[in-house]
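Atoms within each ligand, like the ligands themselves, are counted from 1 in listed order. These figures come from a predicted structure and were not determined experimentally.
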Amino acid sequence: MGDLAGKCALVTGGNRGIGLAVAQELAARGAEVTFTCRRAAGTTAAGPAARGVVCEATDTVGIEALVAEGFDIVVNNAGVIGPIGRIADVAVDDWAGNIAVNLVGAYAVVRAAVRMMEPRGGGVIVNLSSGAARRPLEGWSAYCAGKAGLAMLTRSVHLEYGAAGIRIFGFAPGVVDTGMQGEIRASGINEVSQIPRAALAPAEEPARAIAWLCGPAAAALAGQELDVRDAGLRAAAGLPPLP
Ligand SMILES: NC(=O)c1ccc[n+]([C@@H]2O[C@H](COP(=O)([O-])OP(=O)(O)OC[C@H]3O[C@@H](n4cnc5c(N)ncnc54)[C@H](OP(=O)(O)O)[C@@H]3O)[C@@H](O)[C@H]2O)c1
């Protein structure tokens, strides 16, 4: 029996990339997993391991209704990198579109999660953070601002709901071989776009760390921004040390 047997988990953006790997890892550890995706075709991405539900990140009513079904674990993963461009070149509406998904959408998930979890005596929330939450990168002003805001939201939830048994983590997954990194390489802007695909980590690696965060062993780290590149976290989560 897996260490997450009996737990119900929700992963947003679970049809591909890190979200799909997280859905599969949580299911492999025994959790009953639901994930969101934007299109009906995505609902079968995890095969029989997990249930797919169509829900746009900006559909706050739909998110609220889904989260209210009741989950022990909520992984706030859906996100977008674009618009990629220097500040003078990005339209205000496009910039706002990033924030609408990466920060407002994430807030809707977190808000629904704390409303659902508090009466249940607690739960675990993992927000997908990024190194971009802490440092600006050329062409990524929307993404950096959104992830920085999300990091503060993580701390705010811990302040308001940590004592209610809600363990929230911000988790930076490293530089991971997903569609998002493909978009970044294609942009050619900033040093991240120059990282060769062969140097990227597989999505299964952050997925294992996130699954570890969902268990009781990580409780002492609640409220923090964590990074998969941290040696202590890797050891605790059972990941091999970095070269
Ligand atoms: N990859 C990295 O190196 C890296 C590094 C740091 C942080 N992260 C973070 O990790 C998370 C996952 O990234 P990833 O690399 O796996 O990205 P990805 O491969 O581009 O996948 C993004 C996921 O989010 C979903 N999504 C995007 N916009 C959405 C919307 N408006 N409504 C609902 N779902 C939406 C996508 O659905 P569709 O398939 O329908 O587009 C997809 O399932 C993101 O929060 C990202 O910021 C990634």
Open item on the list: Heavy atom to atom 27 (C) of ligand 1, shortest distance: which of Gly131, Gly79, Ala21, Gly13 holds it?
Closed with: Gly79
Counting non-hydrogen protein atoms only, what is the nearest one to [atom]? Give residue, atom name and distance.
atom	value
atom 7 (C) of ligand 1	Ser129 O, 3.1 Å
atom 35 (C) of ligand 1	Arg38 NE, 3.7 Å
atom 31 (N) of ligand 1	Glu56 OE1, 3.1 Å
atom 48 (C) of ligand 1	Ile18 CD1, 3.7 Å
atom 17 (O) of ligand 1	Met180 CB, 3.6 Å
atom 32 (N) of ligand 1	Ala57 N, 2.8 Å
atom 12 (C) of ligand 1	Asn77 OD1, 3.1 Å
atom 15 (O) of ligand 1	Thr178 OG1, 2.5 Å

Which ligand 1 atoms, with their elements, are less than 4.0 angstrom from a heavy-atom of [X]?
X	value
Arg16	18 (P), 19 (O), 20 (O), 21 (O), 38 (P), 39 (O), 41 (O), 42 (C), 43 (O)
Val80	27 (C), 28 (N)
Asn15	37 (O), 38 (P), 39 (O), 42 (C), 43 (O)

Task: Salt-bridge contact Glu160-Arg115 (side-chain N to carboxylate O under 4.0 Å) - done: no
Open item on the list: With rounding to the nearest 0.5 angstrom, report the CG to CG distance, Leu26 to Leu10.
Closed with: 10.5 Å
Side chain, backbone, both or neither: [X] near ligand 1, heavy atoms under 4.0 Å:
X	result
Glu183	neither
Val101	side chain
Cys37	neither
Val176	both

TODO: Run through Val92, Ile99, Asn98, Asp93 and flag the one making a side-chain contact (heavy atoms from CB on, under 4.5 Å) with Trp95.
DONE: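 Result: among Val92, Ile99, Asn98, Asp93, Ile99 is the only option passing the side-chain contact (heavy atoms from CB on, under 4.5 Å) with Trp95.
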TODO: Quickly, which of Ile166, Ile168, Val67, Ile73 forms a side-chain contact (heavy atoms from CB on, under 4.5 Å) with Met117? Name it, please.
DONE: Ile166
Under 3.5 Å between some N or O of ligand 1 and some N or O of [X]?
X	answer
Gln181	yes
Gly19	no
Gly17	no

TODO: For the pair Phe35 and Val53, evaluate side chain to side chain contact (heavy atoms under 4.5 Å, CB included) and give the outcome as yes or no after the intermediate values.
DONE: CA-CA 6 Å; Phe35 67 89; Val53 174; over 6 Å; no
